[in-house]
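Any value given below was found using the heavy atoms of this structure, including those in side chains, with hydrogens, waters and symmetry copies removed. Quick note on labels: first sequence line is chain A, next is B, and so on, each numbered from 1.
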2 protein chains.
Amino acid sequence: MKRSSRLSIALHALVHLHAQPGKSLTSANLATCLMTNAVVVRRVLGELREAGIVEASKGPNGGWSLMRPATDITLRDVYVAMGERLLRTESDPGDATCAIVRSVDRVMTEFLDDAEALLAARLARVRLSDIAANAMHAGFPRLD
Amino acid sequence: MKRSSRLSIALHALVHLHAQPGKSLTSANLATCLMTNAVVVRRVLGELREAGIVEASKGPNGGWSLMRPATDITLRDVYVAMGERLLRTESDPGDATCAIVRSVDRVMTEFLDDAEALLAARLARVRLSDIAANAMHAGFPRLD
DNA sequence: CAATATGTAACATTAAAAGTTACATGAAAC
DNA sequence: GTTTCATGTAACTTTTAATGTTACATATTG
């Protein structure tokens with residue numbers, strides 16, 4: 001299958017849970033909609049459970065449900081809960097005996113930290129309810 | 001070796017070129033400092049050559065050199081030249097028959113485009129000369 | 001022509017994410 | 001209590017993108 005992402009899977013699952021309030025959806029249900037495997041869903045939602053975003057119940061009629069209203073869940077919450085790294089770029093230590101490489105590495109690291117914080121702040125402005133509400137329209141909350 | 005990135009390699013190489021004005025460095029030279037392979041260096045710098053950022057000359061005393069002063073090269077230039085994607089996250093189409101998945105995918109895509117543009121704008125503020133100048137100090141140009 | 005460096009194709013290696021299988025555990029319905 | 005259903009999780013395989021490597025053609029300098 002194609003290369004998607006854990007964050008994307010998490011958001012898909014959360015919107016599905018939000019769209020069916022009261023009902024709890026099983027990993028197998030969600031896996032079908034997300035075109036992935038039930039274990040992958042459990043792994044991702046398991047991290048969100050530890051962060052108190054969702055809860056799971058076992059047995060018949062069990063499954064996953066939101067622990068908070070969608071207005072109280074930001075994309076940053078999800079992002080942090082999953083220990084996800086948004087930036088693809090990593091800094092490379094290179095040859096430690098090369099002074100320039102060491103310096104560039106430090107500068108790169110600072111930049112990446114900055115950018116990461118910047119994106120996290122933007123994510124904090126988008127709530128799960130925003131996504132759900134806007135899902136039916138073309139618009140999307142501007143980031144600037 | 002560890003998992004670094006093309007952007008990091010490119011910046012390392014460019015700072016080295018900037019630090020040795022007049023001289024042209026070979027792929028093998030740069031590969032030693034960056035602790036990578038000469039072919040990897042050629043691949044990365046080859047893209048910067050097509051973008052007019054560096055030039056290469058063959059034969060004895062050949063190698064790589066900057067085509068513009070470091071004050072005229074921004075990180076965004078490098079980023080765009082390499083067709084690099086800064087964001088690790090990708091949106092997942094999921095099951096196309098599921099309306100929610102389609103909608104979430106559209107929203108995710110819009111968000112990613114937004115974030116990508118945001119980061120590119122930030123990168124445009126940092127020049128190669130800034131990196132070189134600040135490499136010797138603890139400071140780094142703030143992004144906000 | 002000899003030496004040197006890029007340009008590039010072809011292939012191997014690596015690492016992270018995703019997919020899969022298997023089974024233990026817990027909760028609800030009867 | 002037993003059956004059923006669903007999560008929790010370990011262990012393993014598969015996939016994919018990036019990186020590393022080898023080899024050789026090509027161009028340039030002297």
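In the set dT8(C), dT7(D), dA18(C), dT8(C) carries the atom at the smallest distance from any side-chain atom of R42(B). Taking every side-chain heavy atom of R43(B) into account, dA10(C) is the closest of dA10(C), dT7(D), dG19(C). Closest to the N37(B) side chain, of the nucleotides dG7(C), dT22(D), dA22(C), is dT22(D). Side-chain atoms of V39(B) lie closest to dT8(C) of the nucleotides dT8(C), dT6(C), dG8(D). In the set dG19(C), dG7(C), dT21(D), dG7(C) carries the atom at the smallest distance from any side-chain atom of A56(B).
Here dA6(D) presents its C1' atom at 14 Å from CD of E55(A), a figure rounded to the nearest Å. Put simply, CE on M35(A) is 10 Å from P on dG19(C), counting in whole angstrom units. Regarding E47(B), its CD atom lies at a distance of 15 Å from the C1' atom of dT6(C), rounded to whole Å. Between the CG atom of L34(A) and the C1' atom of dA17(C) there is a distance of 16 Å, rounded to whole Å. A straight line from CD1 of I9(A) to P of dA16(C) spans 18 Å, rounded to a whole angstrom. Taking atom CZ of residue R49(B) and atom P of nucleotide dT6(C), one finds them 11 Å apart after rounding to whole Å.
The stretch residues 17-31 of chain B has no heavy atom under 4.0 angstrom from DNA chain D at all.
When all heavy atoms of D77(B) and I53(B) are compared, the closest pair comes out as O-CD1, 3.9 Å. When all heavy atoms of A10(B) and M82(B) are compared, the pair lying nearest together is CB-SD, 3.5 Å. The two residues S24(A) and N61(A) make their nearest non-hydrogen contact at OG-O, 3.2 Å. Closest of all the heavy-atom pairs between I73(A) and R68(A) is CD1-O, 3.9 Å.
Both G62(A) and R6(B) lie close to DNA chain D; mapped to their nearest nucleotides by heavy-atom distance, the more 5′-ward contact belongs to G62(A).
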- Message: Across nucleotides 25-30 of chain D, 5' to 3', mark each nucleotide with B, S or - according to how protein heavy atoms within less than 4.0 Å reach it.
- Response: -BSBB-
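In this structure, T32(B) contributes its side chain and A28(B) its backbone to a donor-acceptor pair below 3.5 Å.
Taking the side chain as every heavy atom from C-beta outward, H16(B) and N29(B) never approach each other to under 4.5 Å.
Atom CG of D113(A) has more than 12 neighbouring heavy atoms from other residues, nucleotides or ligands inside a 6.0 Å radius.
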- Any chance you could lay out the side-chain contact (heavy atoms from CB on, under 4.5 Å) test for L14(B) and L48(B), step after step, and finish with the verdict? CA-CA 10 Å; L14(B) 289 173; L48(B) 301 184; 4.0 Å; yes
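Side-chain contact check for W64(A) and T26(A): no donor-acceptor pair (N or O, by modelled atom type) lies under 3.5 Å.
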